[in-house]
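Below: one structure, written as structure tokens.
Predicted model, so just to flag it, every value in this text is computed and none were measured. Chain letters run A, B, ... following the sequence lines, proteins first, then strands; residues in each count from 1.
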Protein chains: 2
Amino acid sequence: MNTHQGALAGARDVLPGAAIPLYARVKALILRNIGDGTWPRDRRLPSEHDLVALTGASRMTVHRALRELTHAGVLHRVQGVGTFVAAPMARSGLIEIEDIAQEIRRRGAVHGSRVLLLDRVEAPGEVMSAFGEPGCRRPFHSVLVHSEDGTPVQHEERYVDPELAPDYGRQDFSARTPFDYLIEAVPLTEFEHVISAVAASPAIAAALDLPQGAPCLRLDRRTWSGARIATVNRLTYAGERCRLATRRVVSTS
Amino acid sequence: MNTHQGALAGARDVLPGAAIPLYARVKALILRNIGDGTWPRDRRLPSEHDLVALTGASRMTVHRALRELTHAGVLHRVQGVGTFVAAPMARSGLIEIEDIAQEIRRRGAVHGSRVLLLDRVEAPGEVMSAFGEPGCRRPFHSVLVHSEDGTPVQHEERYVDPELAPDYGRQDFSARTPFDYLIEAVPLTEFEHVISAVAASPAIAAALDLPQGAPCLRLDRRTWSGARIATVNRLTYAGERCRLATRRVVSTS
DNA sequence: CAGTGGTCTAGACCACGAT
DNA sequence: TCGTGGTCTAGACCACTGG
């Protein structure tokens, strides 16, 4: 009884499902039951065995549907106990941050960057403590301003661990973003973001051609390579000229 | 030859792998080859068939490993062609946004909210166009201020489609966040976020007890329920008092 | 055409939790 | 002990891509 389509037919389900894979139709069935309130939060779902009987799909297929919905945060499974409807949207609201150069080019504008500084320094204590333990000695330090069609939009200050990216100091960052360089040169495994709003300091105001005190978006980022912190940086966006945006699908499929 | 562990043994691989599932070890093998540069960006991977021979795992297991890595953005697959190493960190940098009340409570502080307004209105054109087509007539309109330990931190203005959440106007939002209410009352499927920095308007400044012109974090959000926009809202955070943060693991596992 | 990935099954063994 | 989920296999059919 291989390759039979038309499963799920026994249930009250069946998407008009033309070429839609079976596991996707099983997911849809479950999502519908959750969406219309048939299975409220914390409700225990039928077991895999029951769903096999209910849908006509094999256990592997049912299991795949359940696994993917679990991964998406829709369900919650406990071995030996059962499958439950998870608290809705528990971990929702994700915002994507991409390389500023890519973002500007994607908008069809011209990206430019001006390197204000590139050296190795004894970093201030605040930065060193951000690096944590074991820390790093005399990190690279770069400061640049990114512009869109000639208008400055982002100020980028960055400290980089020289042991992880020993060639950082020899790059031409007017041609290639530090971000772009680093994601290729160092295997980044983890990162942290903090977004806040600040008033433009005199230095930032000058670099971005803003009045002092103008509202700016600040993004503090740290990236890890394994257990070690690769880079600590602070991006400052000219407030009204720049924004971070995303649109995301939550559940279906 | 069921239930044999010790697969992958033929390859140069084999994690010390005690109770680690096979598919996870196959993922680890692939990630390691990518991580150490053996398989650079755009490099074509061995086919599923080859990986079966290479690892000793069954095709289903190899396929699962490849599928999950593809889903995670590490690989890129084309039917009939092959599997390739994706551009690293292509869609990285996600920031999580959670309910403000939960966030405040998680910090161990006391959340309070003051409802400034709750009614139905003819919304301004700007809002109506945000609702798009077919749009909604006379949406609910709520304005509240959230406080942490008595200090106001967030101003929330929200428009809600009355057809999707007909009881919105009868809720007590001093007890329960609109966000919290909506994620239960309406099955939200998609959302959009835009973050920017703005200077506090007179109204915002008064509500948040800030000087006029103080930098604020603005988060414009729209949520969908299926094809229909459920809510349009604007959150304004008191600049220096509030931030959005996350830490995320990128690849492994 | 041969090779690739995409899906699906029937049955198996295991670890776990509740009874 | 029994039912739950977690993993794994061997083999199958399909759709797609390339030569």
Side-chain angles (χ1 to χ4, degrees), chain A residues 1-10 15 17-30 42-72 74-86 253, chain B residues 1-10 14-15 17-30 42-71 74-86 253:
Chain A
M1 194 202 183
N2 224 344
T3 315
H4 69 148
Q5 296 295 67
L8 281 192
L15 307 211
I20 300 164
L22 231 196
Y23 75 88
R25 278 178 284 161
V26 174
K27 285 172 73 172
L29 163 66
I30 294 166
D42 291 333
R43 162 67 173 264
R44 180 172 154 194
L45 269 66
S47 70
E48 294 191 353
H49 180 78
D50 293 342
L51 284 171
V52 165
L54 186 68
T55 63
S58 74
R59 197 186 149 212
M60 273 297 284
T61 300
V62 166
H63 181 75
R64 174 172 176 183
L66 292 171
R67 175 164 26 92
E68 294 189 358
L69 289 177
T70 302
H71 189 76
V74 176
L75 300 178
H76 171 234
R77 316 195 77 185
V78 183
Q79 203 176 87
V81 181
T83 303
F84 304 85
V85 178
S253 147
Chain B
M1 193 200 183
N2 225 345
T3 315
H4 69 149
Q5 296 294 66
L8 279 190
V14 177
L15 309 210
I20 300 163
L22 232 196
Y23 75 89
R25 279 180 281 162
V26 174
K27 286 172 72 173
L29 163 67
I30 294 166
D42 291 332
R43 163 67 173 265
R44 183 174 151 191
L45 269 65
S47 70
E48 294 192 354
H49 179 77
D50 294 341
L51 285 172
V52 165
L54 186 67
T55 63
S58 75
R59 198 187 148 211
M60 274 297 283
T61 299
V62 165
H63 182 75
R64 176 172 175 183
L66 293 171
R67 173 162 29 87
E68 293 190 358
L69 288 177
T70 302
H71 190 76
V74 176
L75 300 178
H76 170 235
R77 314 195 77 185
V78 184
Q79 201 178 83
V81 181
T83 303
F84 304 86
V85 178
S253 147

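Within the 4.5 Å cutoff, side-chain heavy atoms of A/Leu29 are placed close to those of A/Thr55. Contact check for A/Arg59 versus A/Arg64: no side-chain heavy atoms found under the 4.5 Å cut-off.
Between the CD atom of A/Glu48 and the C1' atom of C/dC14 there is a distance of 14 Å, rounded to whole Å. To the nearest angstrom, P of D/dG5 lies 11 Å from CG of A/Leu75. For the pair B/His49 NE2 and D/dA12 P, the interatomic distance rounds to 15 Å; values are reported in whole Å. Look at CD on B/Glu68: it is 11 Å from P on D/dC8, rounded to the nearest Å. Computed from coordinates, the B/Ile20 CD1 to C/dA15 C1' distance equals 16 Å when rounded to whole Å. Rounded to a whole Å, the CG atom of B/Leu69 is 13 Å from the P atom of C/dG6. Spacing between atom CZ of A/Arg44 and atom P of D/dT4 amounts to 6 Å, rounded to whole angstrom units. Here the P atom of nucleotide C/dT7 and the CE atom of A/Met60 are 12 Å apart, to the nearest Å.
Phosphate proximity of D/dC8 to B/Tyr23: absent, as no side-chain N or O sits under 4.0 Å from OP1 or OP2. Using a 4.0 Å cut-off, some side-chain N or O of A/Arg64 falls inside it from OP1 or OP2 of C/dT7. Considering only side-chain N and O atoms, A/Ser47 lies under 4.0 angstrom from the phosphate OP1 or OP2 of D/dT4. When the side-chain nitrogen and oxygen atoms of B/Thr61 are compared with OP1 and OP2 of D/dT7, none of them lie within a distance under 4.0 Å. Phosphate proximity of D/dG6 to A/His63: present, with a side-chain N or O under 4.0 Å from OP1 or OP2.
Under the side chain to side chain donor-acceptor pair (under 3.5 Å) criterion, A/Arg43 pairs with no residue, sequence neighbours left out. The salt bridge (Lys or Arg N to Asp or Glu O under 4.0 Å) check on B/Arg67 picks up A/Glu68, with sequence neighbours excluded.
Within residues 77-85 of chain B, the residues approaching DNA chain D are B/Gln79, B/Gly80, B/Val81, by heavy-atom distance under 4.0 Å.
Ring geometry, B/Phe84 versus B/His76: the interplanar angle falls from 30° to 60°, so the pair is classed tilted.
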Inset, instruction - Dump the intermediate steps for side-chain contact (heavy atoms from CB on, under 4.5 Å) on A/Met60 and A/Glu48, then the final yes or no. - result: CA-CA 9 Å; A/Met60 273 297 284; A/Glu48 294 191 353; over 6 Å; no
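At the heavy-atom level, B/Arg59 lies under 4.0 Å from base atoms of the strands shown.
Closest non-hydrogen pair, B/Val85 versus B/Leu75, comes out as CA-CD2, 4.2 Å.
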